[in-house]
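Data first, discussion second: the structure below is written as structure tokens.
Side-chain atoms are counted along with the backbone in the values below, which use heavy atoms only and exclude waters and symmetry mates. Note on naming: letters A, B, ... go to the chains in the order of the sequence lines (proteins, then strands), and numbering restarts at 1 for each one.
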2 protein chains.
Amino acid sequence: MGGRSTVTARVLDVLGAFTADTPQLTLTEISRRTALPLTTAHRLVGELAAWGALERADDGRYGVGLRLWEVGALAPRGLGLRDAAMPYLEDLHEVTRHNVQLAVLDDVEVVYVERLAARDAVSILTRAGSRMPLHATAVGLVLLAFADPDLQERVLAAPLRRFTPMTLCDPDEVRRMLGEVRRTGVAISDRQIELVSQSIGAPVRGPSGEVVAALSIVVPAEGNPHAYVPAVRTAARGIGRALARSN
Amino acid sequence: MGGRSTVTARVLDVLGAFTADTPQLTLTEISRRTALPLTTAHRLVGELAAWGALERADDGRYGVGLRLWEVGALAPRGLGLRDAAMPYLEDLHEVTRHNVQLAVLDDVEVVYVERLAARDAVSILTRAGSRMPLHATAVGLVLLAFADPDLQERVLAAPLRRFTPMTLCDPDEVRRMLGEVRRTGVAISDRQIELVSQSIGAPVRGPSGEVVAALSIVVPAEGNPHAYVPAVRTAARGIGRALARSN
DNA sequence: GGCATCCTTCCGCACAACGGAAGTGTGGTC
DNA sequence: GACCACACTTCCGTTGTGCGGAAGGATGCC
């Protein structure tokens with residue numbers, strides 16, 4: 001948004017107008033969201049659609065096109081990681097039948113790269129491509145715990161969003177938690193996102209030992225989280241090894 | 001690439017320069033592929049990277065960024081379909097342990113939307129986001145068989161690429177095959193892509209009965225393909241129902 | 001040192017993008 | 001049937017933004 005307006009920025013603004021909540025937009029809606037004059041939006045959208053970056057549905061609304069999806073699938077952190085991780089996610093999911101998630105750090109947020117949902121799952125709090133803050137989820141805590149200290153302070157300096165009464169919103173509490181995560185190598189987020197669930201996360205390490213992603217499993221609040229720790233840890237290590245193998 | 005040069009087209013050309021074979025490119029390479037002067041490529045790439053559409057690796061090369069991956073993940077045919085299909089793909093994969101693939105039609109090609117690989121799979125002929133011609137793979141034959149007759153003729157009029165001695169490259173042979181696919185509701189591609197494998201495909205139908213995607217399983221050449229037909233068919237129907245449920 | 005490759009910054013000119021105005025097409029209301 | 005509201009499309013003259021040549025680092029190799 002804003003500032004200096006280069007054509008490229010406008011094009012990207014148009015793409016950015018599409019969100020998980022509203023993946024289909026009318027031209028007027030795009031124009032409103034990007035603050036571009038209708039005429040301009042019309043031209044840009046037309047060019048994007050001609051290339052396949054956007055697609056026009058039968059009802060006239062625009063959505064993201066397959067071509068853009070293809071290009072996006074080339075994102076190294078998205079695809080390479082996903083390929084390596086998939087078998088392990090499947091195993092974990094197959095055995096436990098709970099939601100399993102893989103996420104990476106991007107700026108000050110968690111981005112979910114993959115998620116295997118319980119068959120009958122209704123709640124779609126997260127899906128591949130969605131973002132969450134770092135302080136409340138198990139994957140977030142893992143990624144934050146092993147992140148650059150500068151980033152940690154930056155995140156803790158900003159207001160920490162409350163999801164439930166259990167969410168840790170005090171920087172010092174979070175700091176203590178991060179220490180524990182570093183010590184144990186596992187993060188447990190107990191009802192910090194929803195009161196009905198807790199999640200157990202572990203770091204996925206790249207060839208040189210740095211944390212490149214985090215894996216988590218979401219289980220009902222009443223279960224004993226520690227029961228899942230070995231499985232999650234094993235899966236995370238397996239992914240790390242698979243990554244190293246695939247260079 | 002082509003003809004008239006609008007800025008948008010240039011931006012998209014830059015994105016299009018990234019392919020599955022070479023997901024990481026140096027600036028000079030991008031400039032060469034897009035036929036843009038180095039200076040221009042530099043500016044565009046800079047703007048794209050600032051937004052997060054591209055990311056710069058440690059070695060200075062550029063790759064597709066997470067942000068673009070996120071937007072791409074919103075593609076309705078990519079994500080909605082994938083969400084509905086995943087459980088069924090997993091089941092099929094779990095039971096058979098063979099490669100399972102989900103694909104949609106885009107223009108005159110198949111685009112793979114998801115693929116669950118056998119754990120020890122070495123050959124990565126296809127991956128999520130890759131394209132294949134319509135006449136040789138099981139998913140391709142399914143999609144072509146139920147496609148617009150105009151499209152069928154357009155595809156058959158063009159030269160049909162040969163992958164193995166088994167590939168059907170004669171338009172009439174393919175036409176006969178398509179008829180069979182329509183009659184039986186299943187496509188079998190016997191060693192038409194690789195001599196070591198065959199694939200069995202079935203159509204996934206949307207709420208109004210039209211074919212929106214195709215599902216296939218890849219098995220060793222020596223097996224009996226018909227043994228897999230019921231499982232593939234059931235999975236494809238299941239995905240169709242899941243799609244209808246999710247609107 | 002000299003050469004090759006790759007990347008980055010600068011800046012004046014030209015042409016492509018901009019966006020106001022006007023036109024088309026649909027659906028709703030009285 | 002006349003009117004309005006809304007969403008989209010086309011046209012075209014003006015202007016400001018992107019263009020890309022030239023020159024300046026940075027790094028590596030012989």
Candidates C:dA17, C:dT8, D:dC8 - which lies nearest the side chain of A:L38
D:dC8

Which part of the nucleic acid, if any, lies within reach of A:R56 when heavy atoms closer than 4.0 Å are counted: base, sugar-phosphate only, or nothing?
sugar-phosphate

May I ask you to check whether over 12 heavy atoms, not counting those of A:R162, lie within 6.0 Å of atom CZ?
yes

Round to a whole Å and report the spacing from CG of A:D13 to P of C:dC18.
12 Å

Would you say B:H42 places a side-chain N or O within less than 4.0 Å of OP1 or OP2 belonging to C:dC7?
no

Rounding to a whole Å, what distance do you find between A:I30:CD1 and D:dC6:P?
19 Å

Give the rounded distance in Å between these two atoms: CG of A:L27 and P of C:dG25.
18 Å

Side chains of B:W69 and A:V71, heavy atoms from C-beta outward: is any pair under 4.5 Å?
no

B:Y88 six-ring centre to B:R241 NZ/CZ under 6.0 Å and within 45° of normal:
no

B:R32 CZ to C:dT5 C1': how many Å, rounded?
11 Å

Under a 4.0 Å N-O cut-off, is there an ion pair linking A:R67 with A:E55?
no

Do B:L44 and B:V11 have side chains that approach each other closer than 4.5 Å (heavy atoms only, starting at C-beta)?
yes

Nearest-nucleotide wise, let me know which of A:T28 and B:E47 is further upstream toward the 5' end of DNA chain D.
A:T28

Footprint string (nucleotides 20-28 of chain D, 5' to 3'): B base within contact, S backbone only, - free, heavy atoms under 4.0 Å:
BBB------

Rounding to an integer number of Å, can you tell me how far A:L25 CG sits from D:dA7 C1'?
14 Å

Per B:L44 side chain, nearest of listed nucleotides D:dC19, C:dC7, D:dC8:
D:dC19

Can you pull out how bent the helix from C:dG1-D:dC30 to C:dC30-D:dG1 is, comparing the axes over its first five and last five pairs, to 10°?
30°

What is the minimum heavy-atom distance between B:E47 and A:L12, and which atoms define it?
O-CD1, 4.1 Å

A:T8 near the nucleic acid: base, sugar-phosphate alone, or nothing, with a heavy-atom cut-off under 4.0 Å?
nothing

A:F146 side chain near A:R182 side chain, heavy-atom distance below 4.5 Å:
yes

Within a strict 4.5 Å, meaning less than it, do heavy atoms of the A:V100 and A:R115 side chains meet?
no

Any chance you could measure B:R61, atom CZ, to B:T22, atom OG1, to the nearest 0.5 Å?
9.5 Å

